[in-house]
Structure formats: C-alpha cells, structure tokens
Amino acid sequence: MGEGLSDQSLADYAGVSAVAIEGVTKRFGDVVAVDNINLDIADGEFFALLGPSGCGKTTTLRMIAGLEFPTSGSLRIFGDEVGTLPPDKRPVNTVFQNYALFPHMNVLDNVSFGLRMKGVEKKSAATQAREMIELVRLDGMEKRKPSQLSGGQQQRVALARALVNKPKVLLLDEPLGALDLKLRQDMQHELKSLQRELGVSFVFVTHDQEEALTMSDRIAVMHDGKLLQVGTAEELYDQPVNRFVADFVGQTNLIDATVIDDEMIALANGTKIKAPNPYPGGTKVAMSLRPESISIGAPEDVPEEFRPTSLHGVVQEMNYLGHSHVYTVGVDWMPLEVRTNATPTSIKYEPGTEVAIWWDRRSDWVVPDEGYSS
Amino acid sequence: MSTTRQLRGGTRWALSLNAFLVYLFFYAPIALLVFYSFSDDPLVGRWGGFTLGWYRDFGENQEVQNALSVSVKVAIISTLVSVVLGTMAALALERYRFRGNRFFDALLYLPVIVPDVTMAVMMLLFFTEGLSLVNTVFGTNLAKGLATVSLSHIAFSISFVSIVVRARLNGMNEKLEEAAQDLYASRWQAFRHVTLPQIMPGVVGGGLLALTLSLDDVVITQFVSGPGATTLPVYVFGLIRRGVSPLINAVSVVMLAASILLVVLSLVAQRARGESAA
Ligand SMILES: Nc1ncnc2c1ncn2[C@@H]1O[C@H](COP(=O)(O)OP(=O)(O)O)[C@@H](O)[C@H]1O
Ligand SMILES: [Mg+2]
C-alpha cells in the first residue's frame with residue numbers, strides 16, 4: 001500500500017477491491033478479445049489470469065494498465081473508475097512480456113525512469129533505484145546495458161523498474177515465459193516471496209497451468225475471451241465448472257457420460273457408475289478422473305465399497321517415472337491414465353495384464369459437456 | 001560445410017580483373033581531377049608543374065566564395081527543416097492509423113521517383129505563380145532567391161529523410177513506448193527519452209542524406225534560384241559553359257573532400273550509436 005495514506009483513507013480501503021472489473025468487453029473490429037467479464041482482485045492478492053494463447057489475457061491486463069480501453073463496462077482501481085484514464089495516470093505498473101527494457105539506457109537509468117518521469121529529483125531517484133536493484137539482487141550491474149544481461153537478469157530489471165514506483169497493483173504478462181525451466185522455477189519462488197514481502201497485489205498472466213497453480217492465491221481461467229471460473233488452485237482442480245477447465249487445469253481423464261439421475265451416470269459403453277451430480281437426467285456430461293486418484297489392481301482385488309466405482313481393462317503401457325508408475329489402461333472404449341506411487345513393495349502390472357481400476361466416489365467430478373460457460 | 005564455392009583458376013582470374021576494372025572506372029576520373037587541380041597550366045589536361053595556385057584562386061575568388069556561402073546556408077536550413085518535418089511524417093505514418101494513411105504513404109515516395117527536371121519545372125511554376133500572387137495581394141516585392149532554393153531543397157529532402165527514419169522506426173520495438181507511458185512518461189517524454197534515442201541513427205543518416213542532396217543539386221536549384229542565390233554546383237556548371245579552367249578542378253576537389261568527410265562522419269556517428277545500443 002502507498003506510503004502517505006492517512007488512517008482514514010486506509011479505513012476507506014478496507015474491503016475495496018484492488019481491481020474491480022464489471023461487464024467489461026473489448027472488441028478489435030470483429031474480434032471480441034474480451035467478452036463481458038466480471039472480476040474482483042483483492043488488495044495484496046497474488047492473482048493469476050490463466051488460459052491458452054489468444055484467450056484475451058493480455059488484453060485484460062492491458063485494459064487494467066490503460067494501454068487499451070474497454071469497449072464497454074466498468075473498470076475500477078481501488079474504487080476509482082479508471083475507464084479511459086491514460087497509463088501514466090494510473091497507480092499500476094507493468095512487467096511486459098519480453099520485458100521491453102530501454103536498450104539505450106543502463107540498468108540504473110532503466111530502473112529510475114519512472115521516478116524521473118514523476119519528477120523525483122535525480123539523486124533521490126538514483127538512491128531509490130539502487131535500493132530496488134539491491135532487492136532484486138542485481139547490485140554491481142547498475143552500469144550495464146540490458147543486452148549485457150542474461151534473460152533472468154533482464155527479468156529482474158523489468159521487475160525492479162516497475163516496483164520502484166510503488167504501484168498499488170503490479171501487472172505481469174508471462175514474465176517467466178522466456179526463461180528456461182530451472183530458472184523459471186527459481187523465479188517463481190522469488191516472485192512469490194517478493195509479493196509477500198511487499199504486500200502488493202500481483203496480477204499475473206500465464207498460459208502455464210502448473211505455474212498458476214503453484215504461485216497464485218486465486219486463479220481466473222479464461223477461454224475465447226470469456227471468464228470460465230475464478231477460484232483457488234484447489235477449487236479449480238477439484239471442482240472445475242466445465243469440461244474445458246477440467247481439461248486445462250492439471251491432467252485428467254475425461255470420460256463421456258450421460259446423466260441417469262442425481263446419483264448415477266451411464267458411461268459411453270453403458271456401464272452405470274455411481275456419481276452424484278446436479279444435472280437433469282439425459283444431460284450429456286463428462287466425468288473427470290484425476291490419474292492419481294485412480295487405484296489399480298487384479299480384477300478380483302477390488303474392495304467391496306469401490307465396486308460401484310470400478311472398471312475393467314487391460315494395461316496397454318507402463319512408464320516408470322521414479323516416484324510413480326504411469327499406466328495407460330484400455331477400458332472398452334478409451335484409454336485412461338492411472339498414476340500410482342512407486343514404493344519398493346508396490347506391484348507392477350506389465351502391458352497385457354487384465355486389471356481393474358477403481359476410485360473413491362468423492363474424487364470423481366461431473367462437468368457439463370457442452371458450452372464453456374456454466 | 002562452407003557455402004563458398006571453390007572457384008577454378010580461370011574464373012577467379014576473370015573476376016579479379018573485373019573488380020580491378022570497376023575500381024579503375026570509379027577512381028581514375030577522381031585521380032585525374034585531383035592530379036590536374038595541382039597543375040600549373042591554364043589548360044585542363046596538360047601538366048605544367050606543381051602549384052597550389054588554383055586553390056588560392058578558390059579562396060580569393062569572390063564569386064566562388066559567395067556561391068559557397070549560399071550553398072552552406074541553403075544546406076543547413078534545408079537539412080534542419082527537412083529532418084524535423086521528415087521525422088514527424090515518419091512518426092505519423094508509422095505509429096498512427098488514420099484515414100488516408102496509405103494514400104499519404106504513397107504520396108511521400110513521389111518526390112523520390114519524379115525526375116529532377118520535372119520537379120524543377122513544377123517548382124519554378126509554383127514559385128513564379130505563388131510569388132506574383134503574394135506580391136499582388138500584399139503589394140510586396142518578393143523575388144526568387146535563397147528562400148525559394150531552400151524551400152525546394154526541403155521539399156525533396158523530406159521524402160528521403162522520412163524513408164530512412166521509417167525504416168528505423170519499423171525495426172523498433174513499439175512496446176518500448178508503451179513501457180515508457182506505463183512508467184508515467186507523457187507522450188512527449190516517451191518520444192524524447194525513448195523513441196528519439198532509438199531512431200537517432202535514422203535521423204542522423206537522413207540528415208546527412210539531406211545535406212548531401214542539397215549540396216549536390218544543380219537542376220532544381222538552377223530553375224528556382226534568383227540573382228545572388230547561386231550555389232556552388234550551379235556556379236561550377238556555369239563556369240564550364242564559359243570554358244574549362246583548372247579552378248573547376250580545385251572547386252570540385254573541395255566539394256569531393258566535403259562529401260567524403262560527410263560520409264565518414266555518418267559512418268562514425270552510426271558506429272558510435274551502434275556500440276552504445278549494443
Ligand atoms: N490490437 C489488436 N488488434 C486486433 N486484434 C487483437 C489485438 N490485440 C489482441 N487481439 C486479438 O484478441 C484476442 C486476444 O488476444 P490476447 O489478449 O493477446 O490473448 P492472450 O494474451 O491470452 O494470448 C486474439 O484473438 C488477438 O488476435
Ligand atoms: Mg498474451
């Protein structure tokens with residue numbers, strides 16, 4: 001939160017969203033990039049916008065930054081309608097995709113740029129910039145040009161350049177996308193702890209669901225310009241609202257089925273399975289079964305209580321991943337992925353073996369098959 | 001695998017000869033020009049011993065000095081103005097989408113492809129008509145001179161400047177301007193601190209091009225200049241008609257030296273920018 005706030009204005013802030021998006025639509029000619037979305041991002045929250053490429057994440061972020069104006073709808077930052085306010089009048093800063101560092105300026109000048117533009121006197125701007133450079137652990141590199149830095153270091157400069165302005169909301173557009181895996185994982189931790197330390201809301205755009213799940217307090221899943229679901233990682237993982245979210249977040253088996261009644265569904269081959277659901281009989285649905293919540297064993301070994309939630313099949317493939325075995329089990333009409341912990345005592349099932357698979361009734365999840373909005 | 005093909009002896013020999021002939025063709029006239037500018041004989045092409053006399057003449061001849069001063073004034077004015085206007089045109093065409101954008105785009109290239117003589121006649125007509133209209137309406141007594149020469153040089157230089165600057169703008173990451181705005185820069189500040197430094201090599205290159213074009217031009221200048229506004233190339237052209245003297249050689253050598261200096265300067269400027277941007 002900004003420094004010079006009185007207690008009164010702090011009280012005013014209590015309960016006000018950092019970013020409130022209401023019915024916002026953005027069109028580019030015929031393309032509807034963002035389609036009537038509603039979103040509240042709390043102060044101090046690590047919030048991810050997740051979705052496949054082209055779903056409207058960047059456009060949403062740019063509207064918050066003021067680099068794009070909504071075609072319709074309302075957008076507020078800490079209660080103030082920002083509508084068509086230009087970017088330099090908003091208390092937010094952006095870490096751009098591929099960083100957009102100024103190539104002709106050294107690290108210090110890049111980082112102090114925002115302060116200088118706000119009219120902070122040169123010496124004081126340099127002092128604050130140096131502190132921020134230290135915070136992102138780039139001290140000693142002040143005089144280097146961006147081209148003399150590694151990808152990870154450039155990423156830190158971009159971060160420092162934005163954070164030095166003490167934004168109320170920091171926007172990050174796929175900030176780790178250009179880094180290799182190891183560095184990306186390190187930076188995930190660093191970003192997360194930096195955010196906790198500063199207590200500033202981070203709005204983080206990514207197409208990498210794993211990244212979103214590990215880093216964020218809450219996640220919004222977008223598809224085709226629409227907002228499908230907003231929730232914590234657990235909510236998205238365990239209770240996806242539709243087939244798209246179930247498929248996109250984490251790995252899962254999606255089994256086509258039809259609702260019989262509120263207790264039972266019929267799978268594609270007619271097998272009746274116990275699966276409580278809120279949908280009317282006859283609705284086309286998909287049952288989502290996570291690979292790690294399925295057990296595998298000999299057909300005669302299915303425990304009594306799991307009989308109503310079991311299927312027979314044949315092992316088609318087995319892969320050993322160090323900590324787990326991943327099986328592809330062919331049931332009548334489709335292959336299913338099953339993941340078991342690999343312990344010294346666990347039995348391996350070779351390809352060709354007839355097996356049964358079963359799961360706890362609480363670990364399946366029925367989602368509507370058609371239509372992406374719930 | 002190297003993609004360079006191994007050339008057989010004969011081919012290689014022919015290519016070398018070709019290169020030699022091309023360079024000879026380029027530089028023999030220059031060598032002759034320089035050589036005879038030091039010749040102490042009033043006839044060009046006859047060696048009469050070494051002298052610096054023609055260069056002394058160049059320094060002392062009042063007409064030459066006047067022409068030189070007109071050339072320099074026109075070149076400086078037209079370069080400054082066309083750099084500013086050409087850069088602005090490039091920015092407008094490259095950064096903003098507006099009605100008629102493509103039409104203006106095409107129009108901008110026109111002065112580059114229109115033959116000099118056509119351009120010269122158009123300019124002459126325009127200034128004659130324009131000046132007589134102004135003189136009738138305001139009762140003034142304006143005539144062709146330094147101003148008309150400068151204006152016409154500006155007119156053809158703008159195109160060249162904006163083409164060079166646009167090439168540079170095109171290669172620039174436009175996210176940089178957004179980043180500047182996101183960091184509280186106004187549009188002007190974003191231009192001043194981010195865009196301009198990025199396109200500077202283009203602006204400098206365009207400026208040197210404008211300078212060279214202005215210092216070189218004979219055809220258009222001859223049509224639109226009035227008494228007292230003779231530039232150096234136009235003066236040289238006039239001298240030739242009166243009969244060739246080695247003074248022309250000396251003047252030409254000085255102009256050549258100035259051109260070479262400009263090219264070297266532009267290379268140095270771009271080298272320096274390139275290093276600081278790298
Ligand atoms: N300036 C623009 N002009 C036209 N279409 C655009 C523009 N920006 C984005 N779009 C379109 O809007 C959609 C969403 O784009 P974007 O927000 O960049 O997606 P994401 O960041 O999720 O990959 C895409 O179909 C894209 O082509
Ligand atoms: Mg994007």
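Every chain is numbered from 1 and lettered A, B, ... according to where its sequence line falls, protein lines coming before strand lines. Reckoned from all heavy atoms, side chains included, excluding hydrogens, waters and symmetry mates.
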Closest approach of A:D88 and B:S186, non-hydrogen atoms and distance? OD2-CA, 4.3 Å
Counting C-beta onward and ignoring hydrogens, is there a side-chain heavy-atom pair between B:Q198 and A:P103 closer than 4.5 Å? yes
Got B:E178 and A:R62 here, is their nearest side-chain heavy-atom distance under 4.5 Å? yes
Heavy-atom pair with the smallest gap, counting every atom of B:Y184 and A:V92: OH-O, 4.0 Å
Check whether A:F96 forms a cation-pi arrangement with B:K175 (NZ or CZ under 6.0 Å from the six-membered ring centre, at most 45° off the ring normal). no
Does B:R95 CZ have over 12 foreign heavy atoms under 6.0 Å away? yes
To check you understand the geometry: which heavy-atom pair defines the closest contact between B:D182 and A:A65, and what is its length? OD1-CB, 4.2 Å
Considering only heavy atoms, which portion of A:L115 lies under 4.5 Å from any heavy atom of chain B: side chain, backbone, both, or neither? neither
Evaluate whether atom CZ of B:F191 has more than 12 neighbouring non-hydrogen atoms of other residues, nucleotides or ligands under 6.0 angstrom away. yes
Where the side chain of A:H104 meets the backbone of B:H193, is there a donor-acceptor pair that is under 3.5 Å apart? yes
If you look at every heavy atom in B:V194 and A:F102, which pair is closest and at what distance? CG2-CE2, 3.6 Å
Minimum heavy-atom distance between B:A179 and A:A100, given as atom pair plus value: CB-O, 3.9 Å
Identify the heavy atoms of A:M117 and B:L183 that sit nearest to each other, and give their distance. CB-O, 3.5 Å
Mark yes when over 12 heavy atoms from residues, nucleotides or ligands other than B:E174 sit less than 6.0 Å from its CD; otherwise mark no. no
Winner by heavy-atom pair count (cut-off under 4.5 Å) against chain B, out of A:K89, A:R161, A:R90: A:R161
Below 4.5 Å from any heavy atom of chain A, which atoms of B:A180 appear? Answer side chain, backbone, both or neither. both
Whether over 12 other heavy atoms sit under 6.0 Å from B:F104 CZ: no
